[in-house]
Trainee: 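Below is one structure. I have some questions about it.
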Number of protein chains: 2
Amino acid sequence: MSTYHHGDLPAALLRAAGRTLERRGLAALSLREAARRAGVSHNAPYRHFPDREALLAALAAEGFAMLGERLRGQPGREMGEAYVRFALQQPQRFRLMFGGLVPMTKYPELRNAAQGAYQALIEAFKELPRPELAAAAAWSLVHGLSQLLLDGHFTHTDREAFVRDVLGVVRFAQRAA
Amino acid sequence: MSTYHHGDLPAALLRAAGRTLERRGLAALSLREAARRAGVSHNAPYRHFPDREALLAALAAEGFAMLGERLRGQPGREMGEAYVRFALQQPQRFRLMFGGLVPMTKYPELRNAAQGAYQALIEAFKELPRPELAAAAAWSLVHGLSQLLLDGHFTHTDREAFVRDVLGVVRFAQRAA
DNA sequence: GTGGTATGTTGACATCGTCTACATATTATG
DNA sequence: CATAATATGTAGACGATGTCAACATACCAC
């Protein structure tokens, strides 16, 4: 048999897990199910991921990479909207990335992926007086808005307009009051 | 025996679950463990909560009530800092409240509790030109900042100063650009 | 007091993460 | 090319969990 070894099981697992994540949510995402979908035994994943958390970490890192790409293509003004759009289009992935289930301290590649995405935001604030503060504030704003929208705390008929209006009401000044 | 009935099992379960939540995290929080801590059998909780999710919903609602209290006592300027302080002091509760594990649509008392906390923020922006937008932006800002701090995306020695600076850099204008 | 209802218990089941032992393919080494 | 070492996959087990069904006990209304 040449089917004893899978070929690229890690990638297959990530694909299967990613699909399950977006389609049935994080709670339904199990190592055993990913293994089943990849057509291997329930213990095969352990050859590539030490435990479930490690698989989640890899999925989250993927997410940060995707997010970074989405942001990098955008001119400063629309970057915020791109951030929110990503969250709304990949809600489960987004929640996984920021749900606190995977401690960044334990997964350096996760931290790097996150920092990479953050860099895109920092770039956009280079010319402002205190860029790191402005970038932090901007990230906080768009992130909070995304999260609260996902949770259903804002119920508006026209979501896109709402996002634009909320982001438009904010200015980044140079001195604290 | 007079110990067959517990007395106030729902409250005891919430107390036990709340303790476990903050001390050992959401993952360690199980119905069976809460039952054990309350000194009842593993199935007793089902007389008061239809399932695990319902217990989480009750814990989250408690959280929104706590948050609302913390906010209501504050003058506008310090309300944001109070929000962040709550998140940092009760990280696991905060994550439960916003982790998307409990859909608000399914638990009206959760929605009410959340709206109650939001009201405190809206009050603070009454005099501004478009209060609902300003309040939404402010909530987004402080919420995102809390979340990102919890996740460890900002690593600063003086957290409190950082929070003040980030919040201080933002202005709420009247017209979008 | 007696019957109905609320509350609690016992036992069972499927699923999950994870461990240990074993099997098979791939690679390196002579 | 043969064989040893290693990487990868499998089989079976264990304890924990959420949940269901059946049963037991306490409380309350009449």
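For clarity, every value in this text was computed on a predicted model and none was experimentally measured.
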Trainee: Which heavy atom of B:Y46 sits nearest to which heavy atom of B:D51, and what is that distance?
Mentor: CE2-CA, 4.3 Å

Trainee: How many Å lie between CZ on B:R32 and P on D:dC20, as a whole number?
Mentor: 13 Å

Trainee: Could you verify whether a donor N or O on one side chain and an acceptor N or O on the other, from B:Q74 and B:R85, lie under 3.5 Å apart?
Mentor: no

Trainee: What's the CZ-P distance between A:R36 and C:dT15, to the nearest Å?
Mentor: 8 Å

Trainee: Search all heavy atoms of A:A134 against all heavy atoms of B:V169 and return the closest pair with its distance.
Mentor: CA-CG1, 4.5 Å

Trainee: Does the gap between the ring centers of A:H143 and A:F98 come in under 6.0 Å?
Mentor: yes

Trainee: Nearest whole angstrom, please: distance from the C1' of D:dT17 to the CG of B:L26.
Mentor: 14 Å

Trainee: How many angstroms lie between atom CG of A:L128 and atom NZ of A:K126, to the nearest 0.5 angstrom?
Mentor: 13.0 Å

Trainee: Rounded to whole Å, please give me the gap between CZ in A:R24 and C1' in C:dC16.
Mentor: 14 Å

Trainee: May I ask you to verify if any side-chain N or O of A:S30 is less than 4.0 angstrom from the OP1 or OP2 atom of C:dC16?
Mentor: yes

Trainee: Which residues, if any, of residues 42-53 of chain A bring a heavy atom under 4.0 Å of DNA chain C?
Mentor: A:H42, A:N43, A:Y46, A:R47, A:D51, A:R52

Trainee: The test is side-chain contact (heavy atoms from CB on, under 4.5 Å); show your working for A:R130 and B:D165 and say whether it passes.
Mentor: CA-CA 10 Å; A:R130 296 170 74 180; B:D165 289 350; 3.9 Å; yes

Trainee: Round to a whole Å and report the spacing from CG of B:L29 to P of D:dA16.
Mentor: 17 Å

